[in-house]
Structure formats: C-alpha cells, structure tokens
2 protein chains.
Amino acid sequence: MTMGLRCVAIPVCGRSKFDTAFPRMSGRAVGAAVAGAAVVTLLSVAIALCEPPLLAVLQRTFSLHTAHLRKDMENFFQLVKNIVPALTEKKHKGQDGRIGIVGGCQEYTGAPYFAAMSALKAGADLSYVFCAREAAPVIKSYSPELIVHPVLDSPNAVQEVKKWLPRLHALVVGPGLGRDDLLLKNVKGILEASKARDIPIVIDADGLWLIAQEPALIQGYQKAILTPNHMEFSRLWEAVVSSPVDSSDDHASVLRLSQALGNVTVVQKGEHDLISDGQQVVRCSQEGSSRRCGGQGDLLSGSLGLMAHWALLAGLEKTNGTSPLLVAAWGACSLTRQCNHQAFQKYGRSTTTTDMIAEIGAAFSKLFET
Amino acid sequence: MTMGLRCVAIPVCGRSKFDTAFPRMSGRAVGAAVAGAAVVTLLSVAIALCEPPLLAVLQRTFSLHTAHLRKDMENFFQLVKNIVPALTEKKHKGQDGRIGIVGGCQEYTGAPYFAAMSALKAGADLSYVFCAREAAPVIKSYSPELIVHPVLDSPNAVQEVKKWLPRLHALVVGPGLGRDDLLLKNVKGILEASKARDIPIVIDADGLWLIAQEPALIQGYQKAILTPNHMEFSRLWEAVVSSPVDSSDDHASVLRLSQALGNVTVVQKGEHDLISDGQQVVRCSQEGSSRRCGGQGDLLSGSLGLMAHWALLAGLEKTNGTSPLLVAAWGACSLTRQCNHQAFQKYGRSTTTTDMIAEIGAAFSKLFET
C-alpha cells in the first residue's frame with residue numbers, strides 16, 4: 001500500500017501550535033501558501049549559496065520533520081490495527097459487535113441502511129435499526145441482514161429502545177432521522193438512556209441538528225463522537241462558541257468546538273478529515289476521491305460506531321495512551337476514504353455509496369490487516 | 001472512440017435550410033432516398049467520364065462537406081465536455097447536482113426510479129423523487145440511494161414540494177406521473193412554483209400530456225426542455241400549431257414546434273434525435289441499437305435534468321454561444337444512445353433499461369471524459 005504523507009497527529013496545548021509544514025491549499029489559505037513558497041525559495045537560495053555543513057543541517061531538519069510526520073501516520077495505522085479484535089473460533093455471535101442505528105423516517109430510508117450495513121461489513125456481528133414505522137418495511141427490504149425495529153415514532157419509543165440497550169455495544173444516532181418533532185423528542189430520551197448506560201454514541205446528520213438545538217444533551221459525555229460536515233460544523237459552532245469561526249484555521253476550530261462541548265470527540269469531515277478530543281488534533285488524509293455522492297457519511301458513522309466499541313474495549317494500553325475514540329475515528333475516516341478511492345477507481349463519476357460499501361471488506365483488509 | 005458521421009448541427013433561419021446530404025432512411029423518406037441514389041449514380045458516371053481535374057473538384061467538394069459535418073459533431077462533443085464540472089476535492093456534497101423527479105403513481109413506479117438513478121449515475125450528488133403516497137415504498141425499495149417524498153397526491157403537495165425547491169438545481173416532471181386529475185393539478189402548481197424560482201425543468205411522458213392540454217403552462221419559459229416521442233410530439237403539435245404536421249420534414253417540424261411554444265427547447269426522440277431551441281436544429285445520431293424497451297426515455301430525462309443544470313451553470317462562454325440547453329440535450333441524447341449501444345452489445349434482444357443504467361458510468365467516461 002502506498003501511504004505517502006497522508007496522516008498527521010498534532011498534539012497541541014492551545015490554538016496556536018499547529019503544523020504548517022504541509023500547507024493546506026484551500027482558497028482561503030492562499031496567503032499562507034504564498035508565504036510558504038517564499039520561505040521555500042529563500043531556503044533554496046540559502047542552500048545553493050551555503051557551504052555543505054549548513055546544507056546538511058537544513059536537509060536533516062526537513063527530513064527529520066518528514067520522518068516524524070510519516071511515523072505519526074504509521075503509528076495511527078498501527079493503533080487501529082491494535083484495536084481490531086482478532087477473529088477466533090472461540091467467540092460467539094455478537095461478541096465482535098452489536099451496533100444500533102437510530103434513524104429512518106418518512107423521507108429517508110437509505111441512510112440508516114447504509115450505516116447499519118457498513119457496521120456489518122466492517123465486521124460487526126449484528127446491526128439493528130430503530131426507525132419510524134413507515135420506514136421499516138423499506139429498510140428491511142434493502143437487506144435481510146438487518147434487524148429493524150419500527151418504534152421511533154411510537155409513544156413508547158424510549159422504552160422500546162431501552163429494552164435493547166443492554167445488548168448494544170454502540171449507538172449511531174442520526175442517519176435518515178429527519179426533523180419531525182416527535183422523533184426528535186424520542187431521540188432525546190434515547191440519548192439520555194444510552195448515556196445512563198455509558199454506551200458510546202456516534203451522532204451524525206439530523207442528530208447533529210438536534211445537538212445544535214440543545215448542546216446540553218451531549219455536553220461533556222466522554223463517549224460521544226460528533227461527525228459534522230461543513231454545514232453541520234458551522235451550526236454546532238454557532239450553538240456553543242460565542243465568537244465567529246476562524247475559517248483560516250480548521251485545526252483550531254475543531255479543537256475549540258471539542259473543548260466547548262466538554263471534550264466530546266469531533267470529526268470534521270472535509271477535503272481532509274480533522275479529529276479532535278479537545279486535547280489534540282489528528283488529520284486523516286487517506287486518499288479518497290473527489291466524488292461527493294450522498295450516503296458516504298453513513299458509511300463513516302456506521303463503521304465508526306463499531307470501531308468506537310472496539311477501541312474502548314481495547315483500552316488505552318492498546319492505543320498507547322492515545323484517546324481510543326480518536327483512534328476509532330481515524331480508523332473509520334481512513335476506511336471511508338479508502339472505500340471511496342477503490343470504488344472511484346472502478347466507477348468514476350457514477351460511483352454511489354452502494355459501490356463504496358461493496359469495497360469495505362477489501363479496503364479494511366488492505367488498511368488494517370496487512 | 002469511433003465517432004463516425006453521427007451528429008450534425010444545422011443553423012437555420014426558416015423552414016427550408018436543412019441538411020439533406022445524409023438521407024434519413026425512414027419509411028416516409030423513401031422517395032428522397034431513391035432520388036438521392038439517382039444523383040449518386042449520375043455523379044459516378046460523370047466522374048468515370050470526366051478528366052482528372054473535374055474528378056478532383058468533385059472529390060474535394062464532398063470531402064469538404066464531410067469535414068464540415070464531422071467538425072460540427074466534434075464541436076458538440078467538445079461543448080458537452082466543456083459543461084461537465086471538474087471533480088475536485090474542494091467541493092461539498094450536493095455541489096455537482098441535486099435533481100428532483102416529479103412522478104410515480106399507483107401504476108408507475110419504475111420510471112421515476114430510472115430517471116432519478118440515471119441522474120445519480122451521470123454524476124449528480126443527490127436525487128429526490130416526489131411521488132404519490134402509494135408509489136413511495138416501492139420506489140424507495142428499488143434503491144437506498146434515492147430520497148423519496150410521498151407527497152404528490154397530498155392536499156398540500158405544492159407546499160410540500162416548494163419547501164424543497166431551494167435545494168434543487170433542476171426538476172424532471174413526468175416520469176411515471178400518470179393522468180390522475182389530482183396529481184396533474186398538483187403538478188401544475190409545482191410547475192408554476194418552479195418557474196417562479198427560475199429552475200430548469202425537463203418535461204417528459206404524461207408531463208407532456210399535461211402540457212398538450214394546457215401549453216400556457218410552459219409557453220415561453222426559457223429553461224424548459226420537452227422530450228416528446230413520436231406520439232407525444234404529434235399531440236403537442238396539434239395543441240399549438242394550427243396547420244398539419246409536415247411528416248416529410250422532421251427538422252422543420254421540431255423547429256416550428258419550439259417556435260410555437262415560445263422557443264422552449266424540444267427534443268424529438270426517434271431514429272435520430274432532433275433538438276431545437278427555435279433558432280437551430282441539432283441532430284444526434286450517436287449509435288444506439290434497435291432495442292426499444294420501456295424506460296429509455298427516463299434515462300434520457302434524468303440525465304438531461306442534470307446536464308441542463310451543468311450547462312446553465314457553465315453558461316454561454318463555455319458553450320461558445322450555443323444555447324446551453326441545446327448542448328445539454330445533445331449530451332443526454334448521446335449518453336442515452338451510447339448506453340443503449342453498450343447494453344445491446346452485451347444482452348441483445350433481452351436488454352432492459354436496468355442494463356442501460358448500469359452502462360452510464362462507462363458510457364459517460366467514453367463520450368465525455370476522454
């Protein structure tokens with residue numbers, strides 16, 4: 001596998017200590033890029049003019065930095081490998097993961113299917129979907145692999161889901177949830193019940209819309225992971241940070257949002273994925289593609305639900321002291337991007353999420369089992 | 001790619017200036033074909049009898065004409081390539097196209113699925129279907145990639161669809177619509193609301209039946225494209241042109257229908273597809289097959305919805321002053337015919353539209369990304 005310089009872990013103590021050695025070439029960073037180019041030019045001139053000893057020093061400095069970053073990346077691959085449970089003949093059905101997806105309503109049925117299926121394809125033994133009654137037959141029809149509970153718009157929804165919580169290793173809240181008042185009210189109750197049982201919770205899509213309305217729902221819950229895209233990130237930021245977002249420094253923003261939410265893990269999806277637990281920022285730039293069809297986020301949230309369970313089960317010893325949820329998020333981001341890459345190689349512009357899910361097995365094996 | 005002599009752009013100022021160098025061998029053109037054959041025979045005799053200089057002149061004249069037509073064809077391929085948006089990592093989900101399909105009723109559920117799926121496979125990021133309640137679970141079950149709104153027979157249908165219009169880049173009205181009075185009444189309201197937002201609208205199937213009943217619905221709307229087959233064309237003609245259709249001159253007819261509708265773009269589907277914006281007529285004769293299974297028109301309308309958005313976004317600069325909707329229509333016709341050709345190569349007489357949709361990725365790449 002060609003890894004290149006794709007993944008950087010950046011421990012920070014505040015807003016300012018971010019890596020700038022590898023410029024992010026977004027439109028808004030053009031100024032920084034120009035400055036960087038000027039530095040490189042000056043260094044080149046200096047190198048050309050200098051005696052061999054100075055040249056050697058400069059080269060060593062840069063190669064050391066490069067080596068450091070590559071090592072970080074390799075470390076993260078190793079940390080993810082450490083949390084993946086061994087497949088052994090001694091295990092029973094369910095031990096490698098029972099993941100619940102909360103979502104699926106009148107309009108949206110594909111998203112919870114994608115998330116539940118992605119958890120299964122990444123190695124979960126059982127996937128459950130808790131959705132509105134109307135969505136259930138459709139979600140069931142997509143695949144006989146899923147267990148689908150048509151309870152989310154029932155007056156007893158919270159009680160119905162609570163009965164299943166003891167069996168679940170992780171919950172993914174939001175894929176295809178929509179914004180119906182009754183469903184959101186029930187989801188609030190499910191979040192409270194899941195927190196009471198200390199279950200890891202991934203929150204995406206309209207689950208994040210709910211959190212933006214009521215951040216206290218997740219504030220300070222150490223087993224929560226939020227996975228906002230660009231728009232969802234802005235909405236969360238406005239809800240919990242008083243000052244305007246600094247769009248020139250994504251690293252600082254994701255760190256600050258995590259801190260403002262009480263060190264909840266935040267995965268900011270984008271050209272690169274940035275992950276923070278409020279203490280450090282990790283970047284995942286595993287090669288994906290430029291195809292942006294709907295549903296990719298569900299592959300991420302579903303596989304992340306599973307990997308969050310694995311990482312917490314493995315514990316800090318296996319993650320060398322790095323936050324297990326940070327390792328899980330980095331693993332799921334890498335996996336999603338690799339699936340995107342593989343599917344795009346085959347289908348180009350016509351790639352859809354179904355094509356990506358079909359790649360999970362090969363992508364997982366390539367990234368984490370070699 | 002073998003292009004052959006397939007596509008001709010013919011600027012015209014009236015009914016008379018149409019290309020006749022490439023006889024269209026339909027049944028009704030047999031007389032013209034016989035006359036053409038006689039001319040060719042006479043020319044062959046003349047060439048055989050003449051001195052070399054006259055032979056050279058005749059050969060040069062024909063090769064120049066051939067070269068001109070080939071250049072037109074190549075130009076149109078280039079114009080379509082110009083409007084296809086680059087895939088870049090800077091984009092967010094949705095930016096390459098959010099397309100809405102209005103259709104799907106008690107009897108018809110396949111057509112809106114085909115159209116929505118074709119838009120996705122041609123490169124749209126998101127596809128929405130607005131259909132009757134009864135049709136929704138079935139359309140959803142065909143694919144988790146689609147977002148399906150069961151609102152078209154609701155008393156609030158227009159309001160429900162209006163909520164989504166700000167997100168949509170183009171609307172395709174008609175696939176699987178049927179002729180139920182309530183649905184058609186709601187579609188009229190949706191058309192008015194879409195026009196008020198200046199959204200490009202492709203109209204096909206029973207959407208065209210509605211327009212034939214009430215041409216004023218679309219009269220003069222510059223972002224409308226109608227895609228009639230032979231029967232639908234006749235019905236529209238009867239509704240808006242007082243004189244009988246001149247069946248010996250398809251070019252003139254499609255031009256006249258477009259003009260009578262206030263320069264709405266018209267795509268007359270047939271052995272060759274003829275496209276007019278009331279100012280010029282473009283012919284698309286990309287090689288397809290002789291298989292005419294149901295649903296091919298939905299592939300055309302769905303991909304055309306997407307390409308209409310792309311073309312209008314690209315603007316006249318990218319289309320070298322040619323009407324963007326003409327370029328979009330030519331692109332979607334070529335794509336549909338190429339999918340038909342590729343599927344037929346594999347499945348022959350048993351080819352169905354599902355087989356054609358599976359070819360969209362490769363066909364698109366072959367036509368527009370090489």
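Here the structure is a predicted model, which is why all the values come from computation and not from measurement. The sequence lines fix the lettering, A, B, ..., with proteins before strands; numbering per chain opens at 1.
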Please look at B/Thr88 and chain A and tell me whether the side chain, the backbone, both or neither of the residue comes under 4.5 angstrom of a heavy atom of that chain.
-> backbone
Sub-4.5 Å side-chain heavy-atom contact between A/Thr354 and B/Pro144 = yes
ring-ring contact (aromatic ring centres under 6.0 Å, His included) partners for B/His149, two or more places apart = B/Phe130, B/Trp164
Between A/Met231, A/Glu134, A/Lys269, A/Lys140, the one whose heavy-atom pairs under 4.5 Å with chain B are most numerous | A/Glu134
So, does A/Arg291 use its side chain to make a donor-acceptor pair with the main chain of B/Gly123 at under 3.5 Å?
-> yes
Could you look at B/Ser143 and say if it's the side chain, the backbone, both or neither that has a heavy atom under 4.5 Å from chain A?
-> backbone
Okay, B/Ala136 and chain A: the region with an atom under 4.5 Å from a heavy atom over there is neither
Could you tell me which of B/Val129, B/Val151, B/Ile147 has the largest number of non-hydrogen atom pairs under 4.5 Å with chain A?
-> B/Ile147
Spell out the residues in residues 342-350 of chain A that have some non-hydrogen atom less than 4.5 Å away from a non-hydrogen atom of chain B, in order of number; otherwise answer 'none'.
-> A/Phe344, A/Arg349, A/Ser350
With rounding to the nearest 0.5 Å, note down the distance linking CG in A/Asp355 to NZ in B/Lys121.
-> 4.0 Å
With B/Glu160 via side chain to side chain donor-acceptor pair (under 3.5 Å) - residues at least two apart | B/Lys163
Residue by residue, which of residues 92-117 of chain B have a heavy atom closer than 4.5 Å to a heavy atom belonging to chain A?
-> B/His92, B/Lys93, B/Gly94
